[in-house]
There are 2 protein chains.
Amino acid sequence: MNGARGKRSYDQQCALAYALDVVGERWTLLVIRELLHGPRRYNQLLEALPGIGTNLLAARLAALVDAGLLTPTEPRKRTGGYQLTDLGRSLHEPILGLSRFGLAYAAGHELPSGATARASWAVLAIEAMVDDARTGEIDESYEFRVDDEIFHVDVRAGHAEVVAGPADAPSLTVRTDARSFFSLGMRQLDPIEALVSGQVAAVGVPAAVTRCLRLLGITPDVAVSTDRLADVGPAPV
Amino acid sequence: MNGARGKRSYDQQCALAYALDVVGERWTLLVIRELLHGPRRYNQLLEALPGIGTNLLAARLAALVDAGLLTPTEPRKRTGGYQLTDLGRSLHEPILGLSRFGLAYAAGHELPSGATARASWAVLAIEAMVDDARTGEIDESYEFRVDDEIFHVDVRAGHAEVVAGPADAPSLTVRTDARSFFSLGMRQLDPIEALVSGQVAAVGVPAAVTRCLRLLGITPDVAVSTDRLADVGPAPV
DNA sequence: CTGCATCCGCCTCGATACTG
DNA sequence: CAGTATCGAGGCGGATGCAG
């Protein structure tokens, strides 16, 4: 019954403080994260956010709708879901930025490992890892099958884009589970070891493996540190 | 008595969740924001973060040092300050991203206006507003004097950089107060009106005013309303 | 069955007082 | 100056109730 009264604010004329006034509370950015993949229903969100508590999710959703970051998909009916507005979608880049930091942080620390792993998180991680500056002259696509989630990365004209669903003619198809995938992203699992042990299976053009790893910034250490980007070294697989 | 025990975590294998486990709590990103400008002492932080409470600041600082984002400038003595590590500094981009969102959000909403305004926030706002894609063929610099804070933007070879201190030979010098400055950034104050009313004073090459405004994305009317989020979001079905 | 609202115990937060 | 100790208020998490 409070509505918008008593909102806690940093009360600073600062762009960052304004942002945190809106999306800085607990769970809020994770709700946005879920909606980045498309509209979701209340119960879908509840299931994707273990531990949030029903009242808190309802409160967050109401606040976000009120702030103009979300809209109900069907304003009248109660059966509809929620989707991001343009303003809400503009959090995509900041979320990717924070994700990059999250990967960098996790790379240097011990992970709880009791954490729940979902394949849909992997899409976000791939988006965060891909860097257009490392596309070089590549023009191909890589398909990922993390658990039962399928998506792919299209690299074309110096730009890499992550898209849901299978690829047309991927030069590489990577299959793994969500847990192994994140261990790779956090540099706590060496890609070569993962391939050998079978935690990750790669099918396609052998040289594409190297190119894909470089695009994701997880070249297995030895790696070329020179910025000369000749078309891939010989891949010893 | 808790120390580091019982740390509240989202417990998800997700890059964003990892990030928020570290910097997602209240005040944490604002502490990082303060340290982006250089080392700060405990009392400087207290003063820059009105309402934080001494125990909470101490707890946050300890947690951040423990997480490896901060280090005391003088490990032994208690008189030293705190500074960011490389890992902590990697939050610069995510913070700028959130700041861009904060400006976009504030542009469409009523601002409390009772908020405390500090000139040093303006540096961050400028960094967030500047976009290399809008530098064109410009090769000049703009100096800003917001309250008693002086900094400038160097534009050279398609890249814009925000630097502390006065510029060498600025083609434009802008003088204003923090409050007016943020009103400009939030598009709640028209730059032309601000110049006429004297809230903002500009000295230098007249044409540089237009170039500077365009670099900051606050051109008076033609208004690139959707220019900033050229994210090509395919409409959800 | 979905989409919340209510209640309750706990933990975090914010403010003040106090100490080395 | 740089924190620690303490305490009230409120946000959070979990269980349950209830209406459409």
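Here is the naming used below: chain letters follow the sequence lines, and residue numbers restart at 1 for every chain. These numbers come from the heavy atoms of this one structure, side chains and all, not from hydrogens, waters or symmetry mates.
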Indicate yes or no for a side-chain donor-acceptor contact from [X] to the backbone of [Y] under 3.5 Å, with no hydrogens or angles considered.
X	Y	result
A:Arg179	A:Ala115	yes
A:Ser197	A:Glu193	yes
A:Arg100	A:Ala128	yes

Look at [X] and [N] and indicate whether a side-chain polar atom (N or O) is within less than 4.0 Å of OP1 or OP2.
X	N	value
B:Arg41	D:dA2	yes
B:Arg26	C:dG14	yes
A:Trp27	D:dG11	no

Which pair of heavy atoms, one from B:Arg33 and one from B:His37, lies closest together, and at what distance?
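Between these two residues, the closest heavy atoms are O-CD2, 3.9 Å.
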
How close do B:Ile218 and B:Pro191 get, counting heavy atoms only, and between which atoms?
O-CG, 3.7 Å

Distance in angstrom units between [X] [atom1] and [N] [atom2], rounded:
X	N	atom1	atom2	result
A:Leu56	D:dG10	CG	P	17 Å
A:Arg40	C:dT2	CZ	C1'	17 Å
B:Asp11	D:dG14	CG	P	11 Å
A:Glu25	D:dC12	CD	C1'	11 Å
A:Glu74	C:dG3	CD	C1'	14 Å
A:Arg8	D:dC12	CZ	C1'	11 Å
B:Gln44	D:dC1	CD	C1'	12 Å
A:Leu57	D:dC12	CG	P	13 Å

Rounded (10°) bend between the five-pair end axes of the helix from C:dC1-D:dG20 to C:dG20-D:dC1:
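Helix axis angle between the two ends: 30°.
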
From CA spacing to verdict: side-chain contact (heavy atoms from CB on, under 4.5 Å), B:Leu189, B:Gln199:
CA-CA 10 Å; B:Leu189 173 61; B:Gln199 291 175 76; 3.8 Å; yes

Near-ring test A:Trp27/B:Tyr10, centroid separation under 6.0 angstrom
yes

What string of B, S and - do you get for nucleotides 3-9 of chain D, 5' to 3', when a contact is any protein heavy atom under 4.0 Å?
BBBB---

Kindly assign one of parallel, tilted or perpendicular to the pair B:Phe144 and B:Phe151, based on the angle between their ring planes and the thresholds 30° and 60°.
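Because their plane-to-plane angle is under 30°, the rings of B:Phe144 and B:Phe151 count as parallel.
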
Distance alone, cut at 3.5 Å: any donor-acceptor contact between the side chains of B:Gln83 and B:Arg89?
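On atom types as modelled, these side chains do not qualify, holding no pair under 3.5 Å.
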
